[in-house]
Amino acid sequence: MTVSNNMHDDIEEVLITEDVLQARVTSLAAAIAEDYRGKDLLLVGILRGAIMFMVDLAKRLPLPLDIDFMAISSYGDATESSGVVRILKDLDEDIGGKDVLIVEDIIDTGLTLRYLMEYLARRNPASLTVCALLDKHKDRDKVVEPAYLGFRIPDRFVVGYGLDYAQKYRNLPYIGVLKPSVYGQGE
Ligand code: IMP
Ligand code: MG
């Protein structure tokens, strides 16, 4: 893989601009603030993809809340879901009695979230809900529908705003699609 010195040169198409992203995060935060007033909210960010979304969302919530993180293995460096879910870092805090909101970057096959929901439900949270920035909305068993969703996107591999390809491009401020040449194709 060759990453350009200016990462923007590797982007074929911007799917969601920074302005549109930020506006959507603001409206999601408003809905969450309304629903979680008076509750014991714990945001659980799924590392590493959800970091940008998690930070922007948390900053827009006026509620008192706790923050924790989990790390889950999914893709390695490939662009296809392996279906294998492994916990690399578990929560630091007890979630018993808390209103847990999982903050996830993207739902592709839905395997990661389905596993996570089952795993966390066993620890008796008061409630367990998902906020996802993106959903590829594939044909899949509708096991997990996020209560809060930023955008439905086409079934393409995207990078930026936390999402990576081989650990790069997470710091792009928008959601974009890479040029095929970055994958070593099309040239
Ligand atoms: P799922 O288990 O197939 O739903 O995969 C979810 C995880 O795969 C996400 O949390 C991402 O980390 C990763 N992922 C899925 N699609 C993309 C993509 O288009 N770009 C970057 N990462 C992705
Ligand atoms: Mg992820």
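For ligands, and for the atoms within them, numbers begin at 1 and follow the listed sequence.
Distances between N or O atoms of D164 and those of ligand 1 include no value under 3.5 Å. For G110, a nitrogen or oxygen atom sits less than 3.5 Å from a nitrogen or oxygen atom of ligand 1, counting backbone and side chain alike. Here's the thing with V158: one of its N/O atoms is less than 3.5 angstrom from an N/O atom of ligand 1.
Residues R170 and D164 are paired through a salt bridge, judged by an N-O separation under 4.0 Å between the basic side chain and the carboxylate. Look at K98 and D40 and you find a salt bridge, because one of the NZ, NE, NH1 or NH2 atoms lies within 4.0 Å of a carboxylate O, short of that distance.
Annotation for ligand 1: atoms under 4.0 Å from non-hydrogen atoms of T109 are 1 (P), 2 (O), 3 (O), 4 (O). Residue contact check: R156 has heavy atoms under 4.0 Å from atoms 19 (O) of ligand 1. Of all atoms in ligand 1, numbered sequentially from 1 with element shown, those under 4.0 Å from a heavy atom of K136 are 16 (N), 17 (C), 18 (C), 19 (O). Every atom of ligand 1 with a heavy atom of L163 under 4.0 Å away is listed here by number and element: 21 (C), 22 (N). Every atom of ligand 1 is numbered from 1 in the order shown, and the set under 4.0 Å from a heavy atom of L111 is 2 (O), 4 (O). Against a heavy-atom cut-off of under 4.0 Å, E104 is close to the following atoms of ligand 1: 10 (O). Heavy-atom proximity to T112, at under 4.0 Å, picks out these atoms of ligand 1: 1 (P), 2 (O), 5 (O), 6 (C).
There is no side-chain donor-acceptor pair under 3.5 Å between D99 and Y36.
Of the options V44, D35, I32, a side chain to side chain contact (heavy atoms under 4.5 Å, CB included) to L101 is made by I32 and by none of the others. Only one option out of D56, D105, N171 pairs with Y161 in a side chain to side chain donor-acceptor pair (under 3.5 Å); it is D56.
Sparse packing is recorded around CD of E93, with 12 or fewer heavy atoms of other residues, nucleotides or ligands lying under 6.0 Å away.
The heavy atom nearest to atom 9 (C) of ligand 1, out of those in D105, L116, D108, L113, is found in D105.
Under the 30°/60° scheme for interplanar angles, the aromatic rings of Y174 and H8 are found to be tilted.
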Quick one: do K179 and E13 satisfy salt bridge (charged side-chain N to carboxylate O under 4.0 Å, His left out)? Show the steps, please. CA-CA 8 Å; K179 291 176 180 166; E13 188 188 338; over 6 Å; no
